[in-house]
Amino acid sequence: MSTKFVKPYIIFTKDPAVIPSDLGVWGYARRYLPFSEEAPEAEVIDHLQEQRAQLWVGTGCAGVTEVTDDQNMHVWLAGGDLDGLLDMLPSVTLWAGANDCVAVEVNGRKGWSRVLKNFDFVRKGESMLRYV
């Protein structure tokens, strides 16, 4: 796993004429993000444009996070290469701590518990948390 820290790409425009799909990084990232009824692409774009979400892009992967009301950095969407996603965890954790979050939160299938326990995540209800 690399130790290079990355910053999230945050869409800094509120101009509806400039949507993230016009940006090269979005074209790359969107193919890895598992959009669904609960997380439709249009809603993700809105959250990014309103700076309520952060876009993380790695090698063969991408993720979207958002800070929750209880000050957790919630991994809203993530997909692509597992090693690439895991390489981003140190950066996500540092960014969360620098932005006054208390934990990084992941909701997902039980298989994620096996993977994330090696990265100091603990199960709490339906979530896995890594305290920062």
Side-chain angles (χ1 to χ4, degrees):
M1 203 171 356
S2 78
T3 56
K4 180 182 171 198
F5 295 108
V6 296
K7 290 182 176 181
Y9 289 94
I10 301 173
I11 308 305
F12 288 108
T13 180
K14 296 225 182 213
D15 181 352
V18 182
I19 59 170
S21 62
D22 291 334
L23 304 174
V25 70
W26 181 253
Y28 175 83
R30 72 183 296 273
R31 62 186 165 164
Y32 298 111
L33 297 173
F35 302 109
S36 65
E37 270 187 35
E38 294 82 29
E41 184 176 7
E43 184 177 341
V44 173
I45 289 171
D46 287 346
H47 283 235
L48 290 168
Q49 287 180 315
E50 295 166 4
Q51 299 180 31
R52 294 187 297 154
Q54 303 78 41
L55 176 63
W56 299 83
V57 178
T59 304
C61 63
V64 178
T65 59
E66 60 184 351
V67 178
T68 63
D69 291 337
D70 54 354
Q71 287 306 106
N72 285 339
M73 182 175 210
H74 178 247
V75 178
W76 187 15
L77 292 170
D81 180 68
L82 177 60
D83 288 333
L85 291 168
L86 296 176
D87 283 347
M88 288 191 288
L89 271 178
S91 297
V92 170
T93 302
L94 282 174
W95 194 91
N99 287 276
D100 300 323
C101 294
V102 296
V104 175
E105 176 184 22
V106 176
N107 298 330
R109 292 176 288 216
K110 294 196 180 207
W112 276 108
S113 292
R114 288 189 298 275
V115 173
L116 293 176
K117 72 179 178 183
N118 297 323
F119 295 88
D120 300 325
F121 278 78
V122 295
R123 179 155 290 281
K124 185 173 180 184
E126 296 295 313
S127 300
M128 289 154 286
L129 300 173
R130 180 180 183 184
Y131 295 96
V132 296

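Given the structure is predicted, the values throughout are model-derived calculations rather than measurements. Starting from 1, each residue takes its place in the sequence as its number. Side-chain atoms are counted along with the backbone in the values below, which use heavy atoms only and exclude waters and symmetry mates.
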Note to self: Can you list everything that forms a ring pair (Phe, Tyr, Trp, His ring centres under 6.0 Å) with Phe121? Sequence neighbours excluded, please.
What the structure shows: none
Would you compute the distance between atom [atom1] of [X] and atom [atom2] of [Y] and round it to the nearest 0.5 angstrom?
| X | Y | atom1 | atom2 | value |
| --- | --- | --- | --- | --- |
| Asn99 | Gln71 | CG | CD | 9.0 Å |
| Trp76 | Glu38 | CH2 | CD | 11.5 Å |
| Leu77 | Glu41 | CG | CD | 10.5 Å |
| Asn118 | Leu89 | CG | CG | 11.0 Å |
| Trp95 | Cys101 | CH2 | SG | 6.5 Å |
| Met88 | Asp81 | CE | CG | 9.5 Å |

Check: Under the 4.5 Å side-chain heavy-atom rule for ILVMFWY, direct or indirect, which residues accompany Val102?
Finding: none
Checklist line | Parallel, tilted or perpendicular: ring planes of Trp26 versus Phe35, cut at 30 and 60 degrees | finding: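 Trp26 vs Phe35 ring planes: tilted.
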Closest contact, heavy atoms only, [X] versus [Y]:
| X | Y | value |
| --- | --- | --- |
| Pro90 | Leu86 | CD-O, 3.7 Å |
| Cys61 | Gly84 | SG-C, 3.4 Å |
| Val57 | Ala29 | CG2-CB, 3.9 Å |
| Trp56 | Ser91 | CH2-O, 3.8 Å |
| Leu48 | Ala53 | CD2-O, 3.6 Å |
| Pro34 | Gly79 | CD-N, 4.2 Å |

Margin query: Same cluster or not: Val122 versus Trp112, using hydrophobic residues (I, L, V, M, F, W, Y) connected whenever any side-chain heavy atoms lie under 4.5 Å apart?
Written below: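 No: no chain of side-chain contacts under 4.5 Å links Val122 to Trp112.
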Check: Are Leu116 and Leu82 co-members of a hydrophobic cluster defined by side-chain heavy atoms under 4.5 Å apart?
Finding: yes
Can I get a per-line list of side-chain donor-acceptor pairs under 3.5 Å for residues 123-132, giving both atom names and the distance, sequence neighbours left out?
residue, atom, partner, partner atom, Å
Arg123, NE, Ser113, OG, 3.2
Arg123, NH1, Gly125, O, 3.2
Arg123, NH1, Glu126, O, 3.3
Arg123, NH2, Ser113, OG, 2.7
Ser127, OG, Glu105, OE2, 2.9
Ser127, OG, Asn107, OD1, 2.6
Arg130, NE, Phe119, O, 3.3
Arg130, NH1, Thr93, OG1, 3.4

Margin query: My understanding is that only residues two or more places apart in sequence, or in another chain, count here; which of them pass side-chain contact (heavy atoms from CB on, under 4.5 Å) with Asp46?
Written below: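 Testing Asp46 for side-chain contact (heavy atoms from CB on, under 4.5 Å), a comparison that skips the adjacent residues, returns Gln49, Glu50.
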Notebook entry, point to check: Do Leu33 and Leu55 come within less than 4.5 Å of each other through their side chains, counting heavy atoms only?
Noted result: yes
Check: What pairs with Asp70 under side-chain hydrogen bond (donor to acceptor under 3.5 Å, both in side chains), at least two apart in sequence or on another chain?
Finding: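 Asp70: side-chain hydrogen bond (donor to acceptor under 3.5 Å, both in side chains) contacts with Thr68.
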Checklist line | Contacts of Glu66 that satisfy side-chain hydrogen bond (donor to acceptor under 3.5 Å, both in side chains) - sequence neighbours left out | finding: His47
